[in-house]
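Okay, structure first, notes after.
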Number of protein chains: 2
Amino acid sequence: MSEVQLKEALDSLKDTGVRITPQRHAILEYLINSMSHPTADDIYKALESKFPNMSVATVYNNLRVFREVGLVKELTYGDSSARFDFVTTNHYHVICQTCGKIVDFDYPALHEVEHFAAQVTGFNVSHHRMEIYGDCTDCAKKESH
Amino acid sequence: MSEVQLKEALDSLKDTGVRITPQRHAILEYLINSMSHPTADDIYKALESKFPNMSVATVYNNLRVFREVGLVKELTYGDSSARFDFVTTNHYHVICQTCGKIVDFDYPALHEVEHFAAQVTGFNVSHHRMEIYGDCTDCAKKESH
DNA sequence: TACACTATTTATAAATATTACAATCTAAGA
DNA sequence: TCTTAGATTGTAATATTTATAAATAGTGTA
């Protein structure tokens, strides 16, 4: 199932003329399989054993490439480092401000907003990004003590 | 007009029990008057002449305080540094992926999404954040050459 | 107005995160 | 297989953000 996603992602790279290297393969695979939203450093560390001499720069370079191609979204968790998320369906994220947990939820894409923005600003809109913040049930419970 | 906003912001700080220091006053004033979306460093540099020995840490500390109180929103422009925006009405941002220009536009707050997210995830939702990406008219024109 | 208490600022330094660059290497088409 | 443009590595430089302890300054109270 996630193999289908990987195959589609690789095809999508091929279509755009982006070379498929072992590192890119591994980074994509990791992004798809990890159910989390890793930082560049998380990815680097996770692939260290498989690619003992991969450079951090490679991770950053490829995350940028994937983002440009539209395979990957960049999130902002709240701390100083960026998170990366493999784009599947139109899902959004709810982020716990206390413990940092991120929960995905599906929601019909907000096409109207993009359309509206395009009309008002004259921009050639390509995509949007939304995050919702709050406290998860666990943290909300703890706080009420 | 922006003086009203400043006064309201200061009152809001007072209500929350946050001390009003000259530095905080200046940072808020700068955020309100600058029609841009400055980075922490932009703010630091802009206030350098008025406060020759203000520390960068002070800027970061206060931006965090303002964010916690809800006076300021944090944006992600696309590069590695965070941008800060004084919260006025419920407006959103369209960001040009080519030149980086940010244009504000008003839109009725997406309460339904927050509500939906709260229901689905059980989170105690406090706020959300959305950014729209595309190319501005100028950049779209240049690209079509 | 002066005092006291505590939050805040400063001035570092340290920790992280991200980008730049040149040399080397390699994926993929001919 | 050969070629070549694009990718990776390794390193260094830069940028961003946080930590910390000492000094300072708001603000309520007497």
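Numbers restart at 1 for each chain; the letters A, B, ... are given by sequence-line order, proteins then strands. Source: prediction; values computed, not measured.
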Pair Val103(A)-Phe123(B), side-chain contact (heavy atoms from CB on, under 4.5 Å): steps then yes or no: CA-CA 9 Å; Val103(A) 177; Phe123(B) 270 53; 3.6 Å; yes

Is there a side-chain contact (heavy atoms from CB on, under 4.5 Å) between Glu131(B) and His128(A)? Walk through the geometry before answering. CA-CA 6 Å; Glu131(B) 286 126 41; His128(A) 72 274; over 6 Å; no

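Residue Leu47(A) contributes atom CG, which lies 11 Å from atom P of dT9(D) at whole-angstrom precision. Taking atom CG of residue Leu13(A) and atom P of nucleotide dG6(D), one finds them 16 Å apart after rounding to whole Å. Rounded to an integer number of Å, the gap from CG of Asp41(B) to P of dT18(D) is 14 Å. With rounding to whole Å, Arg64(B) atom CZ is found 14 Å from dA7(C) atom P. Distance OH (Tyr44(B)) to C1' (dT10(C)): 10 Å, rounded to an integer number of Å. In this structure, CZ of Arg83(A) is placed 15 Å from C1' of dT18(C), rounded to the nearest angstrom. To the nearest angstrom, C1' of dA7(D) lies 15 Å from CG of Leu28(A). Straight-line distance from the CG atom of Asp79(A) to the C1' atom of dA19(D): 16 Å, rounded to whole Å.
Annotation: His127(B), atom NE2; neighbour count of heavy atoms from other residues, nucleotides and ligands within 6.0 Å is above 12.
Judged by distance alone, the side chains of Thr76(A) and Thr76(B) do bring a donor and an acceptor atom under 3.5 Å apart. Judged by distance alone, the side chains of Arg24(B) and Thr58(B) never bring a donor and an acceptor atom under 3.5 Å apart.
Thr58(A) comes within 4.0 angstrom of a base, heavy atoms only. Here Asn62(A) lies in heavy-atom contact (under 4.0 Å) with sugar-phosphate atoms only.
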Produce the list of close N/O pairs, under 3.5 Å, pairing protein atoms with atoms of nucleotides 28-30 of chain C; give distances to one decimal.
from: dA28(C); atom 1: OP1; to: Ile20(A); atom 2: N; distance (Å): 3.0

Show me the protein contacts with nucleotides 10-13 of chain D, counting only N or O atoms at under 3.5 Å.
from: dG10(D); atom 1: OP2; to: Asn53(A); atom 2: O; distance (Å): 2.8
from: dG10(D); atom 1: N7; to: Ser55(A); atom 2: OG; distance (Å): 3.1

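Summarising the geometry, atom CG belonging to Asp42(B) is positioned 6.5 Å from atom OG belonging to Ser36(B); distances are rounded to the nearest 0.5 Å.
Contact between the side-chain N/O atoms of Asn61(A) and the OP1/OP2 oxygens of dT9(D) is not found at any separation under 4.0 Å. Taking side-chain N and O atoms only, Arg24(B) has a distance below 4.0 Å to OP1 or OP2 of dT9(C). A sub-4.0 Å separation between OP1 or OP2 of dT16(D) and a side-chain N or O of Ser81(B) is present. A close approach under 4.0 Å does not occur between any side-chain nitrogen or oxygen of Tyr60(A) and OP1 or OP2 of dT19(C). For the OP1/OP2 pair of dT9(D) and a distance below 4.0 Å, the side-chain nitrogens and oxygens of Gln23(A) include at least one atom meeting the criterion.
Side-chain atoms of Leu71(B) and Leu13(B), non-hydrogen and from C-beta on, do get closer than 4.5 Å to each other. Taking the side chain as every heavy atom from C-beta outward, Leu28(B) and Phe86(B) approach each other to under 4.5 Å.
When all heavy atoms are compared, the tightest approach of Tyr30(B) to Ala46(B) is CE1-CB, 3.5 Å.
Salt-bridge check for Glu74(B) with Arg67(B): passed, with a basic side-chain N closer than 4.0 Å to an acidic carboxylate O.
Nearest-nucleotide assignment on DNA chain C puts the 5′-proximal partner with Phe51(B), out of Glu74(A) and Phe51(B).
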